[in-house]
Protein chains: 2
Amino acid sequence: MKSGLGKEPLRRFRRHEHLALGGEAQDRVYRLDEGWACRYTLLPDGRRQITALYLPGDVCEPQWVISSKAELSIVALTDVIATEIPLGSIRNASDEGVSELIDALMTNFNRQSDWIVSLGRRSANGRITALFAEIYSRLQQNGRVRQPCTIPLTQQDIADVVGLTPVHVNRVVSELRRQGLVQFSGKTIIVPRPDEIDRQQDGMGLAG
Amino acid sequence: MKSGLGKEPLRRFRRHEHLALGGEAQDRVYRLDEGWACRYTLLPDGRRQITALYLPGDVCEPQWVISSKAELSIVALTDVIATEIPLGSIRNASDEGVSELIDALMTNFNRQSDWIVSLGRRSANGRITALFAEIYSRLQQNGRVRQPCTIPLTQQDIADVVGLTPVHVNRVVSELRRQGLVQFSGKTIIVPRPDEIDRQQDGMGLAG
DNA sequence: CGGTTTGTTGAGGGCCATCAAGTTGAGTGG
DNA sequence: CCACTCAACTTGATGGCCCTCAACAAACCG
């Protein structure tokens with residue numbers, strides 16, 4: 001384990017390492033400097049549903065400022081470098097730190113509402129293209145867009161976000177590649193023209 | 001419950017009347033004294049996805065305290081009687097009013113995460129029984145359970161919550177009735193033994 | 001009492017899950 | 001440098017859940 005002596009607030013997590021466990025008290029939040037993480041729920045039969053994605057530049061999780069408790073577990077989807085922000089350091093400090101986190105909390109809240117719409121009413125194709133478009137948009141807002149937009153998620157990870165099986169995710173993503181809407185670099189997915197992906201998601205029919 | 005009777009204005013909404021429109025500024029929240037409401041999104045083709053249910057006793061919507069703006073529209077699902085709570089009256093008042101709303105906000109946040117799990121990983125049967133169990137549990141917490149628990153939603157409303165078609169909701173609900181898990185009084189659904197419904201939802205397979 | 005909303009039921013089909021084999025590639029140790 | 005291992009990706013066959021279309025019944029309402 002890394003024990004940053006001195007005042008170094010950086011924390012490293014390996015892929016599959018937990019940033020928080022469901023039920024745990026939290027006295028800090030993390031700002032992801034590099035790497036991706038997610039909040040998830042496990043079902044009794046072992047299947048997983050991811051309920052929030054955390055991208056480079058995101059704060060994880062803003063609501064800990066209010067509740068000081070992790071309702072669900074958070075796990076690293078890639079190797080992660082994060083800045084630890086103790087809650088005590090911002091509760092009494094300027095309002096700016098808090099209001100930035102409150103803004104992030106509301107953004108996450110609204111994003112969850114949007115995702116309910118996708119899961120409830122969009123087909124596999126619509127959910128996956130909507131996810132890619134959302135990822136690009138968020139990376140752009142965080143100032144983390146490289147040329148072009150790369151997505152370091154496994155197809156299993158994607159399946160657990162969009163509520164599908166990895167097999168079907170593979171078929172949909174393969175079709176997107178055939179159409180030139182995404183490319184592959186090894187196993188990582190690249191979205192060359194995010195605006196075209198974005199146009200894809202409108203008019204996608206009912207799932208099922 | 002709030003005991004300061006009399007001075008706060010009561011508002012009435014008819015079924016299908018809007019409590020708020022998406023994008024509108026909000027300078028108040030509502031406490032539903034009677035009736036049900038929901039937050040929803042319309043898709044370009046006219047389909048609807050409900051992203052939050054508001055039951056008697058609920059506050060609608062707590063996040064307006066923070067953002068003073070309705071992101072999405074709110075509509076009455078039944079006739080509604082609501083108490084109007086001006087935001088100005090609680091921002092400067094005791095912290096209790098605010099913290100009660102913040103609690104409600106976090107509850108809604110966590111409920112949305114749970115609902116993402118249902119939509120992503122549960123079958124039609126699991127989603128509907130989970131909805132009924134959630135409704136009973138929330139009514140109980142609000143002190144609004146009559147004997148027995150009645151649900152004044154149309155099957156179309158239920159479909160728009162659980163992300164299915166009304167036709168299929170009808171089939172699932174009819175099967176639940178055949179099993180004695182729900183009863184009908186005219187068109188309103190009654191859940192006689194909510195604990196049994198609750199047991200139903202575990203182990204429901206993948207949707208699709 | 002005519003129109004509208006809501007519920008009900010059947011037939012057929014499509015989307016996606018499931019099952020089952022592979023193939024590929026990265027990491028490891030000999 | 002090459003077996004070995006394991007995770008991740010790929011592909012085909014089959015089937016079930018749920019959508020779609022359609023028609024009708026029942027309840028509600030002005």
Side-chain angles (χ1 to χ4, degrees), chain A residues 14-16 43 45-49 75-79 118-129 151-178 182-190 203-208, chain B residues 14-17 36 43 45-49 75-79 118-129 151-178 182-190 203-208:
Chain A
R14 299 238 185 89
R15 190 158 92 108
H16 296 159
L43 283 87
D45 60 6
R47 286 176 300 149
R48 180 176 69 159
Q49 177 65 44
V75 72
L77 294 172
T78 68
D79 289 348
S118 272
L119 291 178
R121 295 303 188 191
R122 288 177 127 93
S123 66
N125 204 303
R127 292 184 211 175
I128 291 173
T129 54
I151 298 176
L153 302 176
T154 68
Q155 294 180 6
Q156 175 73 67
D157 293 335
I158 295 173
D160 290 342
V161 174
V162 298
L164 298 166
T165 58
V167 172
H168 196 62
V169 166
N170 180 273
R171 289 192 231 269
V172 171
V173 169
S174 297
E175 176 59 25
L176 291 178
R177 177 175 51 177
R178 222 163 282 126
V182 305
Q183 297 169 2
F184 280 54
S185 170
K187 291 182 176 178
T188 61
I189 295 173
I190 298 178
M204 300 305 325
L206 254 190
Chain B
R14 299 244 183 86
R15 191 157 91 108
H16 296 159
E17 194 178 345
W36 297 38
L43 283 89
D45 60 6
R47 285 177 300 150
R48 179 176 70 160
Q49 177 66 44
V75 74
L77 295 171
T78 68
D79 288 348
S118 271
L119 291 178
R121 294 304 187 191
R122 286 175 127 89
S123 66
N125 204 305
R127 291 183 211 176
I128 291 174
T129 54
I151 299 177
L153 302 176
T154 68
Q155 294 181 7
Q156 175 73 67
D157 293 335
I158 295 173
D160 290 342
V161 174
V162 298
L164 299 166
T165 58
V167 172
H168 196 62
V169 166
N170 181 274
R171 288 192 232 270
V172 172
V173 168
S174 296
E175 177 59 26
L176 291 178
R177 178 175 52 177
R178 222 164 282 127
V182 304
Q183 297 169 0
F184 280 53
S185 170
K187 290 183 175 177
T188 61
I189 295 172
I190 298 177
M204 299 306 322
L206 254 188

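Just so we're on the same page: letters track the sequence lines, and every chain starts at 1.
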Could you check how far [atom1] of [X] sits from [atom2] of [N], rounded to whole Å?
{"X": "B:Arg15", "N": "C:dT5", "atom1": "CZ", "atom2": "C1'", "result": "8 Å"}
{"X": "B:Leu164", "N": "C:dC16", "atom1": "CG", "atom2": "P", "result": "14 Å"}
{"X": "B:His168", "N": "C:dG13", "atom1": "NE2", "atom2": "P", "result": "19 Å"}
{"X": "B:Arg122", "N": "C:dA17", "atom1": "CZ", "atom2": "P", "result": "17 Å"}
{"X": "A:Ile189", "N": "D:dC9", "atom1": "CD1", "atom2": "P", "result": "8 Å"}
{"X": "A:Gln183", "N": "D:dC9", "atom1": "CD", "atom2": "C1'", "result": "18 Å"}
{"X": "A:Arg121", "N": "D:dC19", "atom1": "CZ", "atom2": "C1'", "result": "11 Å"}
{"X": "A:Asp157", "N": "D:dA7", "atom1": "CG", "atom2": "P", "result": "14 Å"}

Can you give me the N/O atom pairs linking the protein to nucleotides 8-11 of chain C at distances under 3.5 Å, or say none if there are none?
residue: C:dT8; atom: OP2; partner: B:Gln155; partner atom: NE2; Å: 2.8
residue: C:dT8; atom: OP2; partner: B:Asn170; partner atom: ND2; Å: 2.5
residue: C:dT8; atom: O5'; partner: B:Asn170; partner atom: ND2; Å: 3.3
residue: C:dG10; atom: N7; partner: B:Arg171; partner atom: NH1; Å: 3.2
residue: C:dG10; atom: O6; partner: B:Arg171; partner atom: NH2; Å: 3.2
residue: C:dA11; atom: N6; partner: B:Arg171; partner atom: NH2; Å: 3.2

Give a yes or no answer on whether the side chain of B:Ser118 reaches the backbone of B:Arg127 with a donor-acceptor pair at less than 3.5 Å.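 Such a contact is absent between B:Ser118 side chain and B:Arg127 backbone.
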
Donor-acceptor check, side chain of B:Asp160 to backbone of B:Gln49, threshold 3.5 angstrom: yes or no?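 No, because the side chain of B:Asp160 does not come within donor-acceptor range (under 3.5 Å) of the backbone of B:Gln49.
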
Taking side chain as C-beta onward, heavy atoms only, is [X] less than 4.5 Å from [Y]?
{"X": "A:Val172", "Y": "A:Gln155", "result": "no"}
{"X": "B:Asn170", "Y": "B:Val167", "result": "no"}
{"X": "A:Ile128", "Y": "A:Glu175", "result": "no"}
{"X": "B:Ile189", "Y": "B:Ile158", "result": "yes"}

Counting just side-chain N and O atoms, does A:Thr165 come under 4.0 Å of either OP1 or OP2 of C:dC16?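 So the side chain of A:Thr165 is outside the cut-off, no N or O lying under 4.0 Å from OP1 or OP2 of C:dC16.
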
If you compare all heavy atoms of A:Arg47 against all heavy atoms of B:Arg121, which two are closest, and at what distance to 0.1 Å?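 Looks like NH1-O, 3.1 Å.
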
Report the end-to-end axis angle of the helix from C:dC1-D:dG30 to C:dG30-D:dC1; each axis comes from five terminal pairs, and the value is rounded to 10°.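 Terminal axis comparison yields 50°.
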
When rounded to the nearest 0.5 angstrom, what is the spacing between CG in B:Leu176 and CG in B:Asn125?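 It comes to 5.5 Å.
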
Using 0.5 Å steps for rounding, measure from the CG atom of B:Asp79 to the CZ atom of B:Arg14.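 The CZ atom of B:Arg14 is 7.5 Å from CG of B:Asp79, to the nearest 0.5 Å.
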
Would you mind telling me which residue lines up with the more 5' stretch of DNA chain C, A:Val169 or A:Lys187, judged by nearest nucleotide?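 Going by which nucleotide is closer to the 5' end, it is A:Val169.
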
